[in-house]
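The structure under discussion appears below in the form of C-alpha cells.
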Amino acid sequence: MKFVTALSGWISSRNTGGIGSDTSRAVNRLMRPQTPARDLDPLLIWSAAALLLIGLVMVYSSSIAIAEGSKFTGYQQYYFVIRHAIFLAIGVVGGLMAFQVTMRQWQQFAPLLFLAGLALLVIVLIPGVGREVNGAQRWLPLGPVNLQPSELMKLFAALYAADYTVRKLPDMGSFRRGFLPMAITIVLVGFLLLREPDFGAFVVVAAIAFGVLFLGGINVRVFVLLAIVAVIGLALLVWLSPYRRDRLFGFMDPWQDAFGKGYQLSHALIAFGRGEWFGVGLGASVEKLFYLPEAHTDFLLAVIAEELGFVGVLTIVVLFAILVHRAMMIGREAIKLERYFSGLVAMGIGLWIGVQSFINMGVNTGLLPTKGLTLPLMSFGGSGIVANCIALAILLRVDWENRQVMRGRS
C-alpha cells in the first residue's frame with residue numbers, strides 16, 4: 001500500500017499533464033475509499049414496506065362500508081384503518097426494539113418464550129377469560145385491544161424449533177432422540193389450538209416446526225413418514241369434524257350452495273371475476289358492500305383483485321415471493337457462516353410468511369378450503385401485524401449480523 005501511494009506521488013510530481021496526469025488520477029481514484037456496503041438487505045426492506053403500506057390502504061378501502069354501517073364501530077368509517085395504523089405503529093416500534101436483541105440472546109430466550117406461548121394458549125381456553133367470537137375462543141381481552149396467542153406462537157415456534165434443532169444436531173438422524181420430542185411438543189400445541197378451534201394456525205405452526213427440522217438435517221425417511229402421518233391425521237381431523245367437512249365440500253363446489261356453505265368463496269370468486277386485468281378502481285369494490293364477509297381480514301386479497309385486478313394481485317404475489325426468497329437466502333448465508341440458529345430462524349420466518357400467504361391466497365382463489373387465516377403483513381388484525389413486524393425485525397437482525405461477520409467485526 002505504501003509503495004502504491006509513493007508511486008502515485010512520484011507520478012504526480014513528474015507529470016503535470018498528458019498520460020502521466022491521467023495515470024495519477026486513476027491511481028488516486030483507486031486509493032479512495034469505496035462506497036460502504038449496505039448494512040441491510042434493500043429488497044427485503046422495500047418488499048416488506050410495500051406490503052405493509054398497501055395493506056394499510058386496502059384495509060381502509062375494504063372496511064369503509066362495514067365501519068360506516070355498524071353500531072359496534074360507532075358508524076365511523078375510519079374505525080378499522082385507525083386501529084390498523086395504531087397496531088402497525090406498535091409493530092414498528094416493537095420491531096425496532098426486537099432488532100436491538102442479539103441472535104444469541106434470542107436463542108437463550110427461545111425455550112422461555114415457547115413456554116410463555118403455551119401458557120397463553122391454555123389461558124385463552126379458560127371460560128370467562130378468553131373472548132369468544134363466531135364460535136371460536138381465540139382472543140384474550142386486554143382493555144381496548146385483544147391479544148391472539150396463536151399469532152405469537154407462530155413466532156415462538158420458529159425460534160424454539162431453531163434452538164431445538166441446533167441443540168439436537170448430532171441426533172437429527174434418530175427418530176427417538178431427534179424427531180419424537182419435537183413431535184410430542186407440536187401435538188400438544190396442536191391440541192390447544194384445535195380446542196379454540198384454530199385449525200389454520202395449527203397447520204402453520206406445524207409447517208414451521210417440521211420445516212425447520214427438515215432444513216436442520218432430520219433423517220429423510222423419518223420426514224417422509226412424518227408427511228404420510230400428517231396427511232392421514234389432517235384427513236381424520238377434517239372427516240371427524242362436521243363443520244370442517246362442510247367447508248371442504250363447499251370448497252369443492254361453492255355454486256352448489258352459493259347462499260350457504262359456499263357463500264364466502266362464491267363472492268370471493270365474483271370479486272376476482274369483476275376485477276379482470278386492471279380492476280374496477282381503488283375504492284370501487286361492490287363485494288365489500290356487505291356481500292363478502294371478512295373483506296378486511298381473511299378475504300382482503302379478493303377486494304384487491306376486484307379493485308386492482310390481476311395486475312394488483314400479481315404485484316402482491318411478487319412482493320411476497322421476493323420477501324420469502326430473501327428470507328431463505330439470508331438464512332442460507334447465515335448457515336454458510338456457521339451461524340446455525342440464526343440461519344434456521346430466518347428460514348423458519350420465511351416458511352411462516354410463505355405458507356400462510358399461500359394458504360390465504362389459495363382460500364381466496366378457491367384452490368384450498370376456506371380457513372380463517374389472514375394475509376400476513378396486510379390483513380386487519382392487531383396481534384398478527386405486531387408479530388409479523390417483530391419477525392421481520394429478527395430477520396433483519398440476522399442479515400445485519402451476517403454482514404458484520406463477513407466484515408470481520410464479530
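Only heavy atoms go into these numbers, but all of them, side chains included; no hydrogens, no water, no symmetry mates.
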So do the side chains of L118 and V189 get within less than 4.5 Å of each other, counting heavy atoms only?
yes

If you define the side chain from C-beta out and look only at heavy atoms, does anything of S383 sit under 4.5 Å from N146?
no

Going by atom type alone, with no hydrogens or angles, which donor-acceptor pairs under 3.5 Å involve a side-chain atom of residues 319-330 and a protein atom two or more places apart or on another chain?
residue	atom	partner	partner atom	Å
R326	NE	D41	OD2	2.6
R326	NH2	D41	OD2	2.8

Which pairs would a plain distance check flag for residues 289-302, meaning a side-chain donor or acceptor within less than 3.5 Å of a matching protein atom at least two apart in sequence or in another chain?
residue	atom	partner	partner atom	Å
E294	OE1	T297	OG1	3.0
T297	OG1	E294	O	3.4

Can you tell me how far the CZ atom of F358 sits from the CG atom of L375, to the nearest 0.5 Å?
13.0 Å

Candidate list V405, V345, V166, L344, test side chain to side chain contact (heavy atoms under 4.5 Å, CB included), partner R339, passing option
V405

Spacing of CD1 belonging to I123 relative to CG belonging to L192, to within rounding of 0.5 Å
11.5 Å

Do V224 and R221 have side chains that get closer than 4.5 Å, going by heavy atoms?
no

Are more than 12 heavy atoms from other residues, nucleotides or ligands located less than 6.0 Å from atom CZ of R104?
no

Any chance you could measure F179, atom CZ, to K168, atom NZ, to the nearest 0.5 Å?
13.5 Å

Within-4.5 Å side-chain heavy-atom neighbours: I385 and M378:
no

Sequence neighbours excluded - side-chain hydrogen bond (donor to acceptor under 3.5 Å, both in side chains) pairs with any residue from residues 389-399
R397-E401, D399-R403

Looking at E338, I want to see if its CD is surrounded by more than 12 non-hydrogen atoms of other residues, nucleotides or ligands under 6.0 Å.
no

Would you be so kind as to tabulate the donor-acceptor pairs closer than 3.5 Å made by side chains of residues 269-287, with sequence neighbours excluded?
residue	atom	partner	partner atom	Å
R274	NH1	E306	OE2	2.2
S285	OG	E287	N	3.4
S285	OG	K288	N	3.3
S285	OG	E306	OE1	2.6
E287	OE1	H267	ND1	2.7

Qualifying ring-ring contact (aromatic ring centres under 6.0 Å, His included) pairs with a residue from residues 110-161, counting only residues at least two apart or across chains:
F114-Y160

Is there a side-chain contact between Q148 and V124 (heavy atoms, below 4.5 Å)?
no

Is the shortest side-chain heavy-atom distance between L140 and R131 below 4.5 Å?
no

Residue pair L308 / V303, side-chain heavy-atom distance below 4.5 Å
no

Is there a side-chain contact between R332 and I335 in this structure, where contact means two heavy atoms from C-beta onward sitting under 4.5 Å apart?
no

Only distances under 3.5 Å count here; give the side-chain donor-acceptor pairs of residues 76-100 to other protein atoms, sequence neighbours excluded, each with its distance to 0.1 Å.
residue	atom	partner	partner atom	Å
Q76	NE2	G74	O	3.4
R83	NH2	P144	O	3.3
Q100	NE2	L96	O	3.4

